[in-house]
Amino acid sequence: MSICRNRMSTVLPLLRAQRRNYSFWGKLPWKSHATPSPPATPVNPAVMDKAARIRAKRNHDLTNVYHVREEKQPQKDLSIFHFEYGYSSYSHHSRGKRIPMISSLSDLSDGGNLAALLPKRRPPGSPINTLSIRSGDDAMLVSPTLLGLADGVSSWSDLEEGEDADAGLWARAMLETTSRFVIQHQNSVWPHDINEREIEQILDDSFFHSTDLMDLDNCHGSSTFIMALLSYSGKLNVVSIGDSKIFVFRDGKIVFKNEEQMTSPLCPVQIGTNDLRHLPSSKCWYQTFELQQDDLIVMCSDGVTDNLWENELEQLVAKKYFKEGQNVRQLANSILKESREVAFDNFAITPYVEKINDVASNKGAKDNFIMGGKVDDISVCVARVVDK
């Protein structure tokens, strides 16, 4: 798919601004020396449709370039903890590609023009061993200080012929863009911890950036989203949208987990190109948690939690990790294996089929009881909190 000349002329100023570490969605309040004069007619991107946003950019309403301050580089790493991580994934919605694609944070080789438009340089201070994993419509990002997962909505593949959609590409673009912005800002506020307001604004900025990149390819997609950031003080900052889950285990028991956001019993809240009027900050769940050394973190897509009950996951982690001594990568593989076996079991009683049976029962169909697992993409990330 090629980009037409007039569209390219609109995009180039945005790309140049991004490469100079500017923000082109308006000034980020925490990255400025002085407040510039506001435009004559302020524009709120949250209430604009796609056509209005394109017109606004052409009128230079959203492309006012504000110089941001130089990033303050840490003189030394004061983080109390870091993550020792492992991951595992199974691709069901794979479009013919069964092997997960793993790359560094600075590469997006699975897209067309979208890949070329994302920032190529790794943010200063970003861990060099940051990995981005795409498996089917799921995307994961793992590093010593940040874990992220976005579960792409597979129903986008049902679009009519001629319409282009890739939920997995949207999931990866949103995840990588947010991680870059988070790392850049965390470096700029060092040695202070990032806070909820800053994370929510970064999430909104990343959302607009990702939707613009998808629009350039005339591509559609949406996903759930969850990210866990390790702050300098040892707190875990968790922001989530939808039904992807994170669990913190201590001494074999779950001591922290996020809440699901659902629009209906079977439909999670999601972000994507199909809803440009509601910002991610208006949908997200955010909370912090005080970590301790040797805490275990499990982050997973609904491919796990739709097939394993919470007590089953707790028992599996207690057995494999705390009793048998598996490392984090082996544990991730064990969780994936157990989830996949249940997914293909036609007689299993799972959390997902219980939701379906509850919906059917509420509608009066009490005799239509179903069984069986849910076959889906499965992504698991396991991290141990290590004293630095």
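FYI, side chains are in, hydrogens and waters are out, and symmetry mates aren't considered; it's all heavy atoms of this structure. Everything quoted here is computed from the prediction, not taken from an experiment.
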K.L.:
Does D251 have more than 12 heavy atoms from other residues, nucleotides or ligands lying within 6.0 Å of its CG?
P.N.:
no
K.L.:
Would R329 and Y87 count as a cation-pi pair here, with the cationic atom under 6.0 angstrom from the ring centre and within 45° of the axis?
P.N.:
yes
K.L.:
Using a cut-off of 6.0 Å, state whether more than 12 heavy atoms not belonging to K283 lie near its atom NZ.
P.N.:
yes
K.L.:
Under a 3.5 Å threshold, yes or no: a donor from one side chain and an acceptor from the other, between D212 and H209?
P.N.:
no
K.L.:
Verify whether one side chain among T288 and N237 offers a donor that lies under 3.5 Å from an acceptor in the other.
P.N.:
no
K.L.:
What distance do M227 atom CE and I202 atom CD1 have between them, rounded to the nearest 0.5 Å?
P.N.:
9.5 Å
K.L.:
How far apart are the closest heavy atoms of H220 and T273, and which atoms are they?
P.N.:
CA-OG1, 3.4 Å
K.L.:
Is the closest side-chain heavy-atom distance between M299 and M140 below 4.5 Å?
P.N.:
no
K.L.:
Could you verify whether a donor N or O on one side chain and an acceptor N or O on the other, from Q270 and S222, lie under 3.5 Å apart?
P.N.:
yes
K.L.:
Ion pair present between K257 and E310, side-chain N to carboxylate O less than 4.0 angstrom?
P.N.:
yes
K.L.:
Has N258 got a side-chain atom pairing as donor or acceptor with S244's backbone, closer than 3.5 angstrom?
P.N.:
yes
K.L.:
Do D204 and S281 have side-chain N/O donor and acceptor atoms under 3.5 Å apart?
P.N.:
yes
K.L.:
Regarding D295 and R384, does a basic nitrogen lie under 4.0 Å from an acidic carboxylate oxygen?
P.N.:
no
K.L.:
If Ile, Leu, Val, Met, Phe, Trp and Tyr residues are connected whenever their side-chain heavy atoms lie under 4.5 Å apart, and connections chain through other members, are I370 and Y352 in the same group?
P.N.:
yes
K.L.:
Please check if the side chain of S301 supplies one atom and the backbone of S379 the other of a donor-acceptor pair under 3.5 Å.
P.N.:
yes
K.L.:
Please round to the nearest 0.5 Å and tell me the distance separating atom CG of D138 and atom CG of D377.
P.N.:
4.5 Å
K.L.:
Is L266 reachable from M262 through a run of I, L, V, M, F, W or Y residues, each pair having side-chain heavy atoms under 4.5 Å apart?
P.N.:
no
K.L.:
Identify whether the distance between the nearest side-chain nitrogen and carboxylate oxygen of K235 and D193 falls below 4.0 Å.
P.N.:
no
K.L.:
Around atom NZ of K355, are there more than 12 heavy atoms from other residues, nucleotides or ligands closer than 6.0 Å?
P.N.:
yes
K.L.:
Supply the atom-to-atom distance L296 CG to K253 NZ, rounded to the nearest 0.5 angstrom.
P.N.:
14.5 Å
K.L.:
Indicate whether the side chain of S223 and that of W170 have a donor and an acceptor atom separated by less than 3.5 Å.
P.N.:
yes
